[in-house]
Amino acid sequence: MEDCKSSGLINSSSDFKELFQIRDNSENLILSSNVPELCKTEKCMLGVDEAGRGPVLGPMVYGICYCPLDKEADVKSLGSADSKSLTEQKRETIFDSICKETSYVGWAVEVISPNTICNSMLQRQKKSLNQVSHDSAIGLIQRTLDAGANITEVYLDTVGPPEKYQEKLSLIFPQLKVTVAKKADATYPVVGAASICAKVARDCSLSVWKFREGIDLPEGTNWGSGYPNDPETKKFLINNIDPVFGYPQLVRFSWSTAEKILKEKAVEMEWESDEENDPSLKNNTSIRSFFGQKTSSSAPARKRHSFFSDRNLVSTSCLD
């Protein structure tokens, strides 16, 4: 995972766009401000929120914002609020203001690529979207502590049951006062500021998205909000599917909306069973038997698996 400091790199929303134009969208990215000196000595509060949890398109972005306890009103005066209640232009203006207040405000975002989300949810040991979310929030909090910020209170918008999430975080960070609440971005200014940081980063990423698969979309192509129930998003998914390779990495192919269209529009594929699911191997001999005594020469030869016989594969050496 790439980890960048924003000093001289991200000082405004336009800097986000310049960076996202040249980066690999398939990789995660963490961007953070320098820790203000005041936040190293004064007790601070930290807010956590995300943007893009539900869409079938684009990354999910987690954001944090923190400040001294007695500067909460100052953060609120910057315009901090639930990012969904603000226009895109207003969010960018507030984010630019947050970046300018380097004496008492710090922030960080983690851009979690669609590719990472899909691989996590579909790997052998599946990782739910809640787990991905929790890990990102925990990682950003820990990075901020490691960077020297004197965080004493943490406020988060809930992911799953608030009580369980709060208990989990309190066990990981027993030194912190943790508060998990629904609609925390509308209640606590630092969570609202974190929400804005996350939303601006996600919007900037999507606005300059580069299709590294070689797709050249017509100028003005509209993919809507990215949410599965958006007609424009559904239209984009239907019109931009490759019958063999499926979707570009912009799309979260683990979402049921994308899966349904793939089944309807893509070429049907057959995959050979792996050993774990192959019925012919269910009664296979325990691995311990290979380390026992050798069988007598009169014992019948063990039948070769079809994988080897079908491909005319033979042993070139034997291990005694």
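Note that the structure is a prediction, hence the values are computed from the model and not measured.
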Backbone of Asn115 reached by a side-chain donor or acceptor of Arg252 within 3.5 Å: no
Donor on one side chain, acceptor on other, Ser26 and Asp24, under 3.5 Å: yes
Residues Asp146 and Gln142: side-chain donor-acceptor under 3.5 angstrom: yes
Residues which pass ring pair (Phe, Tyr, Trp, His ring centres under 6.0 Å) with Tyr155, listed by chain and number, not counting sequence neighbours: Tyr188
Salt-bridge contact Lys40-Glu37 (side-chain N to carboxylate O under 4.0 Å): yes
Sidechain N-carboxylate O distance under 4.0 Å for Asp203, Lys199: yes
Whether Asn240 side chain and Phe236 backbone form a donor-acceptor pair below 3.5 Å: yes
Residue pairs passing the ring-ring contact (aromatic ring centres under 6.0 Å, His included) test where at least one lies in residues 27-58, sequence neighbours excluded: none
Gap between atom NZ of Lys126 and atom CE of Met121 - 0.5 Å precision: 9.0 Å
Glu92 side-chain N/O to Gln89 backbone N/O, donor-acceptor pair under 3.5 Å: no
Ser133-Ser136 side chain donor-acceptor pair, cut-off 3.5 Å: no
Under the ring pair (Phe, Tyr, Trp, His ring centres under 6.0 Å) test, residues paired with Phe20 that sit two or more places apart: Phe16
For Tyr247, ring pair (Phe, Tyr, Trp, His ring centres under 6.0 Å) partners two or more places apart: none
Ser97 (side chain) donor-acceptor with Thr93 (main chain) under 3.5 angstrom: yes
Ile151 side chain reached by Thr144 side chain, heavy atoms, under 4.5 Å: yes
Less than 3.5 Å apart, which donor and acceptor atoms pair up between the side chains of residues 56-76 and the rest of the protein, not counting sequence neighbours?
none

Return a table of donor-acceptor pairs under 3.5 angstrom between the side chains of residues 166-180 and protein atoms on other chains or two or more places apart.
from, atom 1, to, atom 2, distance (Å)
Gln166, OE1, Val180, N, 2.9
Gln166, NE2, Val178, O, 3.4
Lys168, NZ, His134, ND1, 3.1
Ser170, OG, Gln166, O, 2.8

Donor on one side chain, acceptor on other, Ser32 and Arg143, under 3.5 Å: no
Donor-acceptor pair between Asp96 and Ser12 side chains, under 3.5 angstrom: no
